[in-house]
Engineer: 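Take this structure, written in structure tokens, and hold onto it; I'll ask about it next.
Quick note: numbers below take in every heavy atom, side chains included, and nothing from hydrogens, waters or symmetry partners.
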Amino acid sequence: MSSPVKISFESFVKIDRRKKEAIYMQIVYQFINAVKSKLLEDDDQLPGSRKIAEELQVHRKTIIAALEELQEQGWVKTLPNVGTFVKNPEISPDQASKMKVFQHPPEEAPFYFRKEFILDSPLEESLTTLYFTEGTPDYRVINTEELVRFYSAVLRRKKQASTLLHTSDGQLFFRDQLSYYLNLTRGFHLSRNFLLPVTGLEQVHSILSRLLINSGNVVLVEEFSYFLPNMIFNQAGAQMKTVPVDAHGMDIDYIKTHFKPSEIRFVYLNTKCQYPTTVSLSEKRKTQLLELAEAYNFIVIENDTDFEFSLVKNKKESLFSKNGGNRVIYIGTFGRFLNPGFQMNFLIAPKNLLQEATKYLNIFGKPDVMMEKALGELIHQGDIHRYQRKSKKVITERKELFAHLLQTYFKDQIEFTIPDSGLAFWIRFQGFVSLNRLQDKTKEKGVLIPSVCLYQNRKIIALRLGFAHLNPQEMEAAVKLLAESYTEVID
């Protein structure tokens, strides 16, 4: 016998009070369908009648009547003082036994397969009501139903949809619109031929690793830096080397003194919002890096995925803008403030490199042509600018509130600078605290701090905490509990 099923009754029982059919019988019929479709399986234990009644918002007597009817028909079996269990009367005990034997594969595979420990993810699933992230937007701000109408409109154009699905020209409309949008918002002078939309950042980095890395190539990244590209580049055989970061960004002089010409394959960095410290690369160092790339013959991969979350009115030029893409491959994101299903990543690079990169989309997955068309319409009709303004207003307000709450609850126990870009604060503790103990204590109080947000070594004790996914009430509750946990840990 198993423990009570975790599946929600509400997911397979839909009560229609307009029907003449009794509610308890509606529950009975839908329960039977759930067993027949194997949503519920033999010997699954059901929750108590009171809990089912609360979930379905019906009187407990209605649930008891439904269970009695199901027992009479043989679909459940009740054991006194034990519980009520699912039984399928349409299969014999022999069949039930065989189905159980072959229901699941073994937990341990009886054959060899390759394991890649460098691909282990540090990300954790949040089971708490409140949680911090490393910096993500609040997808509740932009109504997803508004976005769905763009996709629905494309699907309704049957003739056009059929054409798009069977031609490589399906991408052209979106690429034209995206290049127009980037030229308008980022000051580029770009045609669609130098732009490749790619659905996920994992795909972007995997494609670049296939194109650029041979085993043993030296790849430079900022100190700490992003988990995802580091993992992918490392798995591709690169020698990953870190470069120190200070208040002016990556230390370019360090590269000059510790590496030789032609020794470096590429340098990967975020110039506007270094991960995790949120500092930006100074204009002087941008110039130094581009000059060194020419002198030392290496590529620069510029991650500018935080551009849409920059609140600086006069945005500084990207490395790509300064260099014209001669030594720089640019990674960007379109619509990061939208629901994840409506976001798109892209590469800007020399045309022949993108032609080769396109081949890998056959392996890593091509973007949804219909979604691209919908995103193109989003730009073409101007709605993207409205969503962008709404997102920025919310981010500005929440950033100010987060800074205020940190000052209020922590006072001089922490140090931080309000970031110009991105959706996270880099918070340094003035005294010693075990971040692992702090993480455990906050979890006890119902607030998750993912391990990926913790930074502790001999030199630094810091947290990278995202703020934008929390509304004002959630934010205050989370910061208050964090401060309480901190006080309890250091006492």
Side-chain angles (χ1 to χ4, degrees), residues 174-198 201 203-205 207-209 211-212 219-222 225-226 229 233 243 245 248-250 252 255 264-275 278-310 312-336 343-358 379 388 420-422:
F174 175 61
R175 283 165 57 194
D176 278 335
Q177 293 300 317
L178 182 57
S179 61
Y180 162 77
Y181 179 72
L182 297 178
N183 293 342
L184 184 67
T185 57
R186 309 194 188 196
F188 294 166
H189 300 283
L190 192 70
S191 84
R192 69 186 184 203
N193 295 324
F194 299 92
L195 180 68
L196 179 65
V198 183
L201 274 176
Q203 295 167 296
V204 170
H205 294 112
I207 290 170
L208 288 175
S209 71
L211 292 172
L212 302 176
V219 170
L220 304 187
V221 295
E222 297 159 305
S225 69
Y226 294 96
F233 298 154
V243 180
V245 173
H248 303 287
M250 180 182 272
I252 308 306
I255 301 175
I264 303 162
R265 180 55 173 150
F266 62 80
V267 174
Y268 183 97
L269 79 167
N270 185 323
T271 56
K272 290 192 178 69
C273 189
Q274 195 271 337
Y275 185 95
T278 75
V279 301
S280 58
L281 191 67
S282 69
E283 294 301 302
K284 179 182 177 182
R285 289 192 179 176
K286 286 179 186 176
T287 302
Q288 285 181 317
L289 180 59
L290 292 173
E291 289 174 351
L292 195 62
E294 290 289 348
Y296 276 40
N297 190 31
F298 61 76
I299 305 162
V300 178
I301 298 180
E302 181 178 21
N303 180 324
D304 200 11
T305 52
D306 287 306
F307 180 90
E308 291 172 315
F309 302 130
S310 175
V312 180
K313 288 186 178 178
N314 297 316
K315 295 182 178 66
K316 295 174 182 177
E317 279 190 316
S318 62
L319 288 174
F320 171 76
S321 297
K322 285 178 173 290
N323 181 257
N326 187 42
R327 283 276 170 188
V328 180
I329 295 173
Y330 183 94
I331 299 174
T333 301
F334 168 76
R336 261 191 75 194
Q343 297 174 15
M344 187 66 71
N345 301 279
F346 57 88
L347 277 171
I348 299 175
K351 186 177 177 180
N352 64 339
L353 184 142
L354 295 184
Q355 287 172 339
E356 197 64 28
T358 303
I379 300 170
Q388 175 83 78
D420 291 331
S421 299

Engineer: Taking OH in Tyr296 as the centre, count heavy atoms belonging to other residues, nucleotides or ligands within less than 6.0 Å. Is the count above 12?
Structural biologist: yes
Engineer: Check Ser179 against Ser191 and note the closest heavy-atom contact, atom names and distance.
Structural biologist: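 In terms of heavy atoms, the two residues are closest at CB-C, 4.2 Å.
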Engineer: Do Arg327 and Asn297 pair up side chain to side chain, a donor and an acceptor below 3.5 Å, judged on atom types alone?
Structural biologist: yes
Engineer: Would you call the rings of Tyr268 and Phe233 parallel, tilted or perpendicular, taking 30° and 60° as the class edges?
Structural biologist: perpendicular
Engineer: Verify the distance criterion only: is there a donor paired with an acceptor across the side chains of Asn303 and Tyr275 at less than 3.5 Å?
Structural biologist: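 No, because no side-chain N or O of Asn303 sits under 3.5 Å from a partner of the opposite role on Tyr275.
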Engineer: Checking side chain to side chain contact (heavy atoms under 4.5 Å, CB included) between Glu222 and each of Val245, Leu281, Val243, which is the one that passes?
Structural biologist: Val245
Engineer: Between Phe188 and Ser318, is there a side-chain heavy-atom distance shorter than 4.5 Å?
Structural biologist: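 A side-chain contact under 4.5 Å exists here.
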Engineer: Starting from the C-alpha separation in whole Å, work towards a yes-or-no answer on side chain to side chain contact (heavy atoms under 4.5 Å, CB included) for Ile299 and Arg265.
Structural biologist: CA-CA 6 Å; Ile299 305 162; Arg265 180 55 173 150; 3.7 Å; yes
Engineer: Under the criterion side chain to side chain contact (heavy atoms under 4.5 Å, CB included), I'd like the reasoning laid out for Thr271 against Leu289: C-alpha separation, chi angles, the key distance, then a yes or no.
Structural biologist: CA-CA 11 Å; Thr271 56; Leu289 180 59; 5.7 Å; no
Engineer: So, applying side chain to side chain contact (heavy atoms under 4.5 Å, CB included) with Val328, which one of Leu290, Ile348, Ile301 is it?
Structural biologist: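 Between Val328 and the candidates, side chain to side chain contact (heavy atoms under 4.5 Å, CB included) is satisfied uniquely by Leu290.
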Engineer: Taking side chain as C-beta onward, heavy atoms only, is Arg186 less than 4.5 Å from Glu308?
Structural biologist: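 Yes - at least one pair of side-chain heavy atoms lies under 4.5 Å apart.
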Engineer: Any side-chain heavy-atom pair from Arg336 and Asp306 closer than 4.5 angstrom?
Structural biologist: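 They are in side-chain contact.
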Engineer: Run the salt bridge (charged side-chain N to carboxylate O under 4.0 Å, His left out) test on Glu283 and Lys322 for me, step by step, so that the C-alpha distance in whole Å, both residues' side-chain angles and the decisive distance to 0.1 Å come before the verdict.
Structural biologist: CA-CA 10 Å; Glu283 294 301 302; Lys322 285 178 173 290; 3.2 Å; yes
Engineer: Using distance alone, with no hydrogens and no angle criterion, decide if Thr333 and Thr305 have a side-chain donor and acceptor under 3.5 Å apart.
Structural biologist: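 Per modelled atom types, Thr333 and Thr305 side chains form no pair under 3.5 Å.
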Engineer: The test is side chain to side chain contact (heavy atoms under 4.5 Å, CB included); show your working for His205 and Ile331 and say whether it passes.
Structural biologist: CA-CA 9 Å; His205 294 112; Ile331 299 174; 3.9 Å; yes
Engineer: Measure up the Tyr330 and Phe346 rings against each other and bin them: parallel (under 30°), tilted (30 to 60°), perpendicular (over 60°).
Structural biologist: parallel
Engineer: Quick one: does Met250's side chain get under 4.5 Å of Ile255's, heavy atoms only?
Structural biologist: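 A side-chain contact exists here, since the closest heavy-atom pair is under 4.5 Å.
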Engineer: Hey, are Lys272 and Asp420 close enough for a salt bridge, meaning a charged N less than 4.0 Å from a carboxylate O?
Structural biologist: no
Engineer: Any heavy-atom pair between the side chains of Ile329 and Phe266 that's under 4.5 Å?
Structural biologist: no
Engineer: Are any non-hydrogen side-chain atoms of Asn193 and Arg175 less than 4.5 angstrom apart?
Structural biologist: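 The answer is yes, as the side chains (C-beta and beyond) meet within the 4.5 Å cut-off.
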Engineer: Between Val300 and Phe320, is any pair of side-chain heavy atoms under 4.5 Å apart?
Structural biologist: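 No, every pair of side-chain atoms sits at 4.5 Å or beyond.
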